[in-house]
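Following: one structure in C-alpha cells, then a few remarks.
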Amino acid sequence: MSFFHTLLVKTAQLMPEKVLWFFSKNYIAGKTLSSAIKVVKDLNSKGMLATIDVLGESIETKEEALIAKEQAMEVFDAIVEHNLDANVSIKPTQFGLAIDENFAYEQILGLVKRAGELNSFVRIDMEDSPYTDSTLNVYKRIFKDHKNVGVVLQSYMKRTYSDAVTFNTIGTNYRLCKGIYIEPESLAYKDKQAIRDNYMKTLEEMLKNSNYVGIATHDKYLLDGSYKLINELNISKNKFEFQMLLGVREDLRNKINNDGYKIRIYVPFGKDWYAYSLRRLKENPQLTGHIVKEFFTFRK
Ligand code: FDA
C-alpha cells in the first residue's frame with residue numbers, strides 16, 4: 001500500500017459520513033430501496049439491465065442473516081412491482097456462510113426458490129478465499145434442482161481455470177471477474193498480465209463449453225479480447241452478457257450498449273454503504289486514484 005493510499009484510507013476513516021458520501025455516491029445507488037429502483041429504471045430506459053445488491057457483508061448472528069434474506073426478498077418484490085429488468089446479487093457471508101454453511105445454504109435456497117417463482121435469478125457473489133469452497137458447495141447444491149442461480153469466479157485465483165473445467169460439466173451460469181480481495185501469493189496471481197491471461201483462458205473455456213457468462217470487467221484489454229473471442233467462436237448473444245459496476249467507465253458501458261450487446265450494471269444500495277465504501281478503499285488501492293481523480297474533476 002503506498003504512503004498516499006494509507007493516508008487516504010486513514011483520512012477516510014475520520015471523514016464525516018457526508019464527506020465520504022460525496023466520494024461514494026457515484027458508485028452506490030443510495031441508502032434506500034427506492035433510490036435503487038430509481039437508478040435501475042433509468043438504466044432500463046437506456047436499454048441496460050441491472051443486478052441489485054443490498055449492501056452488507058459478513059454477519060455475526062443467524063438473526064442478521066434472516067434480515068438480509070428478508071431485504072433481498074423485498075428487492076424481488078420491487079422488481080416485480082416496478083417491472084424492472086433486473087436480478088439480485090448476494091454475498092454468501094451476509095446469509096451466514098461464515099457461521100454455518102448449511103444454514104446459509106437454506107437461506108440462499110429460499111431466496112432462489114422465491115426468485116424462481118418470479119422468473120428471476122440470483123447471482124452468488126464470490127468473496128475472499130476462506131469462502132471459495134463453501135460458496136461453490138452451496139451453489140452446486142442449489143443448482144442441482146434450481147437453474148436460476150449463478151456463481152462468480154475470479155481470474156486472480158490460481159484455482160479458477162480448474163474450477164471452470166469442473167463447473168462447466170454441470171452447465172453453469174457464471175460471472176467472471178478479476179477479483180477484488182487481497183489474497184496471498186500462494187493462492188492468487190499478483191501480476192496484472194497474469195490475471196488478464198487467466199481471465200481470457202478461463203473465458204474461452206467457459207464459452208467453448210456453452211455456458212452462460214457474465215463478462216464482468218472495465219478493462220479495455222479484456223473487453224477487446226472478449227469481443228474478438230466471441231466473434232471467433234461465433235458465440236450466440238444469448239450465451240453471454242457484459243457486466244460493470246455502477247458509476248464506472250460509463251463510456252465503455254455505453255459503447256457496449258450501442259454495439260448491441262447485453263450489458264448489466266451492478267447496483268449496490270443500503271444503509272451499510274459507509275462500511276462498504278471504507279472496505280473498498282482499504283482493499284483496492286486503485287480506488288484511491290479514482291477517488292482523487294474524481295475529487296479534482298469536481299473542483300475544476
Ligand atoms: P481494472 O481494475 O484493471 O480496471 C480497469 C479500469 O476500470 C481502470 O483503469 C479504471 O479506469 C476503471 N475502474 C475499475 N474499477 C473501478 C472503480 N471501482 N472505480 C472507478 N473506476 C474503476 N469481485 C469479486 O471479488 N467478487 C465478486 O463477486 C465481484 N463481482 C463483480 C461484479 C461486477 C458486475 C463487476 C464489474 C465487478 C465485480 N467484482 C467482483 C470486482 C472485480 O473483481 C474487479 O475488482 C473490478 O471489476 C476491477 O477490475 P477490472 O476488470 O474492471 O479491471
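Counting convention: from 1, in listed order, for ligands and their atoms alike.
Under the 3.5 Å distance criterion, with hydrogens and angles disregarded, a donor-acceptor pair is assigned to the side chains of N238 and S236. In this model, a donor atom of one side chain and an acceptor atom of the other lie less than 3.5 Å apart for D197 and Q193. Under 3.5 Å, the side chains of Q154 and Y181 contain no donor-acceptor pair of N or O atoms.
Annotation: cation-pi pair K62/F103 present, NZ/CZ under 6.0 Å from the ring centroid and within 45° of its normal.
For the pair S134 and L97, the tightest heavy-atom approach, listed with the atom from each and the gap, is OG-CD2, 3.4 Å.
Qualifying side-chain hydrogen bond (donor to acceptor under 3.5 Å, both in side chains) partners for D53, counting only residues two or more places apart in sequence or in other chains: Y266.
One option in R175, H218, R196, Q243 has a heavy atom closer to atom 30 (N) of ligand 1 than any other, and that option is R175. By heavy-atom distance, the residue among R249, M157, K178, K192 lying nearest atom 12 (C) of ligand 1 is R249. Between atom 25 (O) of ligand 1 and the options E241, K91, Q154, the minimum heavy-atom separation is to Q154. Of the listed residues (R123, M126, R264), the one carrying the non-hydrogen atom nearest atom 28 (O) of ligand 1 is M126. The nearest non-hydrogen atom to atom 40 (C) of ligand 1, considering only G179, G247, C177, comes from C177.
Two residues are said to be in side-chain contact when any heavy atoms from C-beta on lie closer than 4.5 Å; Y174 and T172 meet this criterion.
Residue contact annotation: Y27 has a non-hydrogen atom under 4.0 Å from ligand 1.
Annotation for ligand 1: atoms under 4.0 Å from non-hydrogen atoms of D125 are 28 (O). Taking a cut-off of under 4.0 Å to the non-hydrogen atoms of Y181, the atoms of ligand 1 that pass are 25 (O).
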Distance-only donor-acceptor pairs under 3.5 Å for side chains of residues 71-88, two or more places apart:
| from | atom 1 | to | atom 2 | distance (Å) |
| --- | --- | --- | --- | --- |
| D77 | OD1 | R114 | NH2 | 3.1 |
| H82 | ND1 | K41 | NZ | 3.4 |
| N87 | OD1 | T51 | OG1 | 2.6 |

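For a threshold of 3.5 Å applied to N or O pairs, the pair formed by Y156 and ligand 1 contains no separation below that value. On a distance-only criterion, L222 and ligand 1 share no N/O pair closer than 3.5 Å.
Counting heavy atoms closer than 4.0 Å to ligand 1, residue L245 contributes atoms from both its backbone and its side chain.
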